[in-house]
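Reviewing the structure listed below.
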Amino acid sequence: MRGLLRSFTRLGGVRGYSTVTKDLRIEGVKHAIAVASGKGGVGKSTTAVNLAVALANKCGMKVGLLDADVYGPNVPIMMKLEGKPEVTKDKKMIPIESYGVKCMSIGLLVDKDAPLVWRGPMVSSALEKMTRGVDWGNLDILVVDMPPGTGDAHITVSQRLQLSGALIVSTPQDVALMDARRGINMFSKVEVPILGIVENMSCFKCPNCAERSFIFGEGGSRRTAAEMGIEVAGEIPLEVGIRKGSDDGVPIVMSAPDSDVSKAYVEVAQKVVSRLEELSKEEHSRPQISL
Ligand SMILES: Nc1ncnc2c1ncn2[C@@H]1O[C@H](COP(=O)(O)OP(=O)(O)OP(=O)(O)O)[C@@H](O)[C@H]1O
């Protein structure tokens, strides 16, 4: 339904009216959401992984994780995925399950150390294979770890998956926030609702300091969110255990569920669930025109 609404509005149609068409969402997948960042290295994949694990293990959702970061697919290491995906009779790949999450990554299909060189339409066809060529079964939420930046791959994923929303990850620094704004504007242009902004490494709790044991950032994401009319979906502290967990293939939500960091990820997951519920209600209450 929303597929045609979006194409319609993109072609200059009138906002607020939809009409009946083929739904482009993946069969069996209720919501696909992007975890994106304007700038690279801000913790997008770490957020995607811990969000997916929190949604599955703390919110009782059926969850998939698609590593669409074609330039640096790290999910296989972060989720300790081993082997190649099996293929069904109708040639669909079966995701590999880890920590209760069904995972698929381009990193599972290529040699570990091979350079990933994408030319022309190759990114688009790889993403097609990673989305429609996978037997996801029934999922409440498919979390998509996007490539960093804003580009062709983002538009392709937004359109192919009919994203229900996008979560933007940034660090508190101005340079990261400037790129985050670009990301937010790009998703707005393709009519993907912003679920919120996650400020990663937002503060540091010094374990050995007697005084001033908390060092806070300057609340840059709060300012950016307020200026752009979006919500702060969470603030994740800087925590050494996160890096170790990623390298060892054990997301911190699993290894230290009672830590402040894990609680922060669970709060992000709960906000995502309630925001998706709100958006579904809004979509159902929109006026519809049938052809
Ligand atoms: N809150 C945090 N505290 C400490 N380290 C973190 C935190 N979040 C992420 N990291 C570490 O920062 C590094 C970059 O994180 P990550 O790979 O998730 O970023 P990314 O935005 O996905 O990067 P890329 O742009 O390359 O895809 C990793 O080593 C990760 O373990």
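Remember, it's 1-based here, ligands and their atoms both numbered in the order they're listed.
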Taking every heavy atom of Pro257 against every heavy atom of Ser262, the minimum-distance pair comes out as O-CB, 3.5 Å
Atoms in ligand 1 flagged as close to Pro148, the criterion being non-hydrogen separation under 4.0 Å:
25 (O)
Heavy-atom proximity to atom 6 (C) of ligand 1, picking from Asp69, Ile242, Asp67, points to Ile242
Under a 4.0 Å heavy-atom limit, does Pro147 contact ligand 1 with its side chain, its backbone, both, or neither?
neither
Under the 4.0 Å line, does any protein heavy atom show up next to atom 30 (C) of ligand 1?
yes
If only atom types and distance count, is the side chain of Gln173 paired as donor or acceptor with the main-chain N or O of Val175 below 3.5 Å?
no
Taking Asp179 first and then Arg182, would you say they form a salt bridge - that is, a charged N and a carboxylate O separated by under 4.0 Å?
yes
What is the distance from atom NZ of Lys44 to atom CG of Asp145, rounded to the nearest 0.5 Å?
4.0 Å
Minimum distance, heavy atoms only, to atom 15 (O) of ligand 1: which one of Thr46, Leu238, Val240 is it?
Thr46
Any idea which protein heavy atom is nearest atom 28 (C) of ligand 1, and the distance to it?
Arg243 CG, 4.5 Å
If you have a sec, work out which protein heavy atom is nearest atom 13 (C) of ligand 1 and how many Å separate them, to one decimal?
Gly41 O, 4.8 Å
Salt bridge between Lys62 and Asp140, side-chain N to carboxylate O under 4.0 Å?
no
Can you tell me which residue and heavy atom of the protein come closest to atom 12 (O) of ligand 1, and the distance to 0.1 Å?
Met201 CE, 3.9 Å
Show the atoms of ligand 1 that are less than 4.0 angstrom away from any heavy atom in Ser45.
18 (O), 20 (P), 22 (O)
Look at atom 2 (C) of ligand 1 and say whether a protein heavy atom is found at less than 4.0 angstrom from it.
yes
Within 4.0 Å of some non-hydrogen atom of Pro237, the atoms of ligand 1 are 1 (N), 2 (C), 3 (N)
Say whether Val266 and Tyr99 are linked into one hydrophobic cluster, either directly or through other cluster members, by side-chain heavy-atom distances under 4.5 angstrom.
no
Identity and separation of the nearest protein heavy atom to atom 4 (C) of ligand 1
Glu239 O, 3.1 Å
With a 4.0 Å cut-off, would you call Lys80 and Asp248 a salt bridge?
no
CE of Met78 to OG1 of Thr46, rounded to nearest 0.5 Å, is 3.5 Å
Should you measure from each heavy atom of Lys44, which atoms of ligand 1 turn up under 4.0 Å away?
18 (O), 19 (O), 20 (P), 21 (O), 22 (O), 27 (O)
Should you measure from each heavy atom of Gly40, which atoms of ligand 1 turn up under 4.0 Å away?
25 (O)
Do the non-hydrogen side-chain atoms of Val198 and Ile168 ever get within less than 4.5 Å of each other?
no
I need the atoms of ligand 1 closer than 4.0 Å to a non-hydrogen atom of Asn200, numbered in the order shown.
1 (N), 2 (C), 7 (C), 8 (N), 9 (C)
Electrostatic pair Glu278-Lys281, nearest N-O below 4.0 angstrom:
no
Determine whether Ile77 and Val101 fall in the same hydrophobic cluster, where Ile, Leu, Val, Met, Phe, Trp and Tyr are linked whenever their side-chain heavy atoms lie under 4.5 Å apart.
no
Short N/O distance, under 3.5 Å, between Gly72 and ligand 1?
no
Nearest protein heavy-atom contact for atom 19 (O) of ligand 1: which residue, which atom, what distance?
Gly43 N, 3.0 Å
